[in-house]
Amino acid sequence: MDKGNILQGDRIILGTCYYPEHWDKSLWEDDLKRMLANGIEVIRIAEFAWSKVEAHEGEFDFTFFDEFLDLAEKVGMKVIFCTPTATPPAWLTNKYPEVLNARIDGTLIRHGMRRHYNYNSPKYQELSAIIVEKFAEHYAKRPCIIGWQLDNEFNCEEWEFYSESDTIAFREFAKKKYGTLEKLNEAWGTTFWNQTYTAWEEIYVPRTTPGGNNQNPHYFLDYKRFIADSVCRYAKLQSDILKKYIKPGDFITTNSLFGNMDHCRLTKESLDFMMYDSYPNFGYCLDNYKNDIPTLNDRRWSINLAETRAISGKFGIMEQQSGSTGNHRGMEGPAPRPGQITLWTMQSIAHGADYVSYFRWRTCTMGSEIYWHGILDYSGRDNRRLREVGEIHKKLTKLDEVAGSSYRAEVGLIKEYDNCWDSELDVWHGRIERASQAAWFNALQKSHTPFDFCYLDHMTVEQLSKYKVLVYSHAVILTEESVAKLTAYVEQGGTVLFGCRAGYKDKTGKCVMLKLPGLIQELCGTDIPEYSYVAPDDAVPYAEWNGEKLPAAVFNDLLAPVAGGKVEAEYRDAYYEGTPALISKETGKGKTYYFGGTFNEEAAAVFLRQLGLAEPYREAVELPECCEIAVREKDGKSYLFVLNYSKEPVEIKLNKTVSNLYTGATESGTVMLPGYGTSVYRL
Ligand code: GAL
């Protein structure tokens, strides 16, 4: 790979998103030069610019971007070029309306916004293949290009697809998966409410039915799998073409994260690495997020960075918020305060990103995103935010040795796509899953305990074995393969903590008739003779464990030890007072805990303390709750990031003498970190 390329493990690089088609050509050169002068050395271009090359069907004119790339080469700017398929031209959708996505009732989603196409239209696949091939054939050899972005934000705006092409493709998906209608009917439990299918043509993507979305859940789970599969197939169609043309060492990526996607498979099949689009202000401006994880505001975005890291060990940020957010109701938010662009950039880097590209250089003066501010405002004059970017660049030049290092965590939170999707469909599952996710994230953050997400179906036992403890909050759907992996992990010395409701569904999402927790009864040494939601007029039941009060919120499995299980704690409340609430069992060199409750923050904090996981870096540093820490490691060296999300200055206590990479000075004892301040120390 070219020496100047990103994510080479030699330095941390800044970029920005640029739209030459939005600006008069007379601005281009000065823009590029000012970027370079402020430490921005990569731009991403062309993701919405199909018509600049193919203004009419079959008529290709490459001069617009040729002229721009000539300039980029003249001034020494590196470019991430995009395939333009997120915004099909008006001529295309007008002539071939079959490429459009549709609402659940069949109404077509028309031209005028973006992402209005569907992945399964043979026509759109054909026209996408042509434009990708033309772009690649013509531009890929340009020296300034260092990599490619596929499309833009697959599944942003729309993550459900109801076009006729989707129905046809869904039938193929179902045929491939089940082979016969008997098997499909069995898997979808269609005997219930007389839903039995007698011909493949009777199967559709979801359509309007009575009772809102209370449709057959097993069918719906497969529909979600189908959407994820559709994205992967469409991305691969593009990346297979690009691979024929790109220069050796140039990369293929895309920007995410969105719903109904298997990002792990997408990355493996089609990308060199994933990029994340990070808008931390959503954390306290967007109602959804406020309700989800109420207390952590912009710091909440670390959960998405952890998710990206789990999908793609090496990753970058394609869009890092650098201005106010806008246009959609509920998303309008303030400008980053002085220091916050730095804080958010360092948040991304602390979690492992070695490339950070700001959205966007200039704020657009037209169209739907006039309030999605970039670094510069409408006039384009130098401003406070640009000066801050320049300062960030200076800091990053001191962090070369950190590039390529890996985020270090001893706690792994298990995920599997089937359970993620099931929790989105199933209100019982969703309620406990959302509560536990928030609880774990908050408890881990506030106790300064780094964690990773672990996608169980994409990891080997060896990869899992680096974690002291794996937490599987709600392993609702359980398969033999997952259980075998977790058992092997425990046997070799690991600890797994399960929360309530494990093992009551199989792969199809149907309930099993086994004694619960189904396939892990033996591994966990527990039976679940009874279970219930916590009644609204009951207090949160609790248990006592080694002298600590352990709340068991929302939902309770009532446990009974079997097969060598040991009762650790009993419910002290509700009608099941005296019934086991926590059971452990040793297997091989390791151990399992089965907890009958949903995790609230207090319960997660109890487990972190009791399992000896909380505050693993206390010997090096003591911090107030408002600070996040992260540690990245490389070649036997550890780099400690401290991020202050509060606007007030805070004191941190360094219990060791450490080297401050920004200044080169050694520090120890009590030091002040300004409001929104960050530090990086070599431990
Ligand atoms: C992203 C998108 C950009 C722009 C931005 C606004 O979702 O990729 O094109 O819309 O949000 O903040």
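Counting starts at 1 for both ligands and their atoms, following the listed order. Hydrogens, waters and symmetry mates play no part in the numbers below; they use all other heavy atoms, side chains included.
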Problem set entry | N152: numbered ligand 1 atoms lying under 4.0 Å from its heavy atoms | 2 (C), 8 (O), 9 (O)

Exercise. Does ligand 1 have any atom that is closer than 4.0 Å to a heavy atom of R360?
Worked result: no

Exercise. Only one of Y162, F226, F161 forms a side chain to side chain contact (heavy atoms under 4.5 Å, CB included) with F170, so which one is it?
Worked result: F226

Exercise. With backbone taken as N, CA, C and O and side chain as the heavy atoms from C-beta onward, which portion of E319 lies under 4.0 Å from ligand 1: side chain, backbone, both, or neither?
Worked result: side chain

Exercise. Quick one: does NZ or CZ of R309 land under 6.0 Å from the six-membered ring centre of Y407, within 45 degrees of the ring axis?
Worked result: yes

Problem set entry | Pair F81 + F135: ring centers closer than 6.0 Å | yes

Exercise. How far is atom 5 (C) of ligand 1 from its nearest protein heavy atom, and which residue and atom name does that atom have?
Worked result: Y279 OH, 3.3 Å

Seminar exercise, completed: Rounding to 0.5 Å, atoms NZ (K395) and CD1 (I349) come to a distance of 11.0 Å

Seminar exercise, completed: The protein heavy atom nearest to atom 12 (O) of ligand 1 is W372 CE3, 2.8 Å

Seminar exercise, completed: Per-atom filter on ligand 1: closer than 4.0 angstrom to a heavy atom of F48 are 9 (O)

For this session: Kindly compute the distance separating CG (N255) from OH (Y276), expressed to the nearest 0.5 Å.
Result: 11.0 Å

Exercise. Counting heavy atoms only, which part of D277 comes closer than 4.0 Å to ligand 1: side chain, backbone, both or neither?
Worked result: side chain

Exercise. Going by the atom numbers of ligand 1, which of them fall below 4.0 Å from some non-hydrogen atom of E153?
Worked result: 1 (C), 2 (C), 7 (O), 8 (O)

Seminar exercise, completed: Contact region, E369 to ligand 1, non-hydrogen atoms below 4.0 Å, reads side chain

Exercise. Where's the contact between R114 and ligand 1, heavy-atom distance under 4.0 Å: side chain, backbone, both or neither?
Worked result: side chain

Problem set entry | Where S121 and S165 come nearest, the two heavy atoms and their spacing | CA-OG, 3.4 Å

For this session: Any chance you could lay out the salt bridge (Lys or Arg N to Asp or Glu O under 4.0 Å) test for K33 and D30, step after step, and finish with the verdict?
Result: CA-CA 5 Å; K33 286 183 172 163; D30 184 54; over 6 Å; no

